[in-house]
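Working notes for the structure below.
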Amino acid sequence: MVAQGLLSHAVEIRNAELRTKQIYCERLEHLLHQRCEMIDALHGRIDQLRDQNKKLEIEAEHLADMIRIMPQLDPAMLAPK
């Protein structure tokens, strides 16, 4: 009878340990899923910023080209008369 009680208690403890580990595992899976979603979102943001940078570089090059082809103004031409 005492052995049966000890065995029953050992099984209850083992079941509690397994449940704790299962809860821990489920929480880790949830956190991993959230982390992967965040990484995907950040990769998307990085891609957006790279595209924006490319557009800004093209615009800057265009403006630099416009300045280069403008006739050079003599400072005397800018002085008030």
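Separation of atoms NE2 (His43) and CD1 (Ile46) is listed at 5.5 Å; rounding is to 0.5 Å. For the atom pair Gln34 CD and Leu32 CG, the distance stands at 10.0 Å (nearest 0.5 Å). Interatomic distance, CG of Asn15 versus CD of Gln22, reported as 11.0 Å (0.5 Å rounding). For the atom pair CG (Leu7) and CD (Glu12), the distance works out to 10.0 Å, reported to the nearest 0.5 Å. Remark: Leu6 CG to Ser8 OG distance equals 9.5 Å, nearest 0.5 Å. Rounded to the nearest 0.5 Å, atoms CG (Leu49) and CG (Leu42) are 10.5 Å apart.
Of the residues listed (Glu37, Arg35, Glu29, His30), the one engaging His33 in a side chain to side chain donor-acceptor pair (under 3.5 Å) is Glu37, and it is the only one.
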Chi angles and distances behind the side chain to side chain contact (heavy atoms under 4.5 Å, CB included) call for His9, Ile13: CA-CA 6 Å; His9 184 67; Ile13 291 173; 3.3 Å; yes
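Looking at every heavy atom in both residues, Arg14 comes nearest to Lys21 through NH1-NZ, 4.3 Å.
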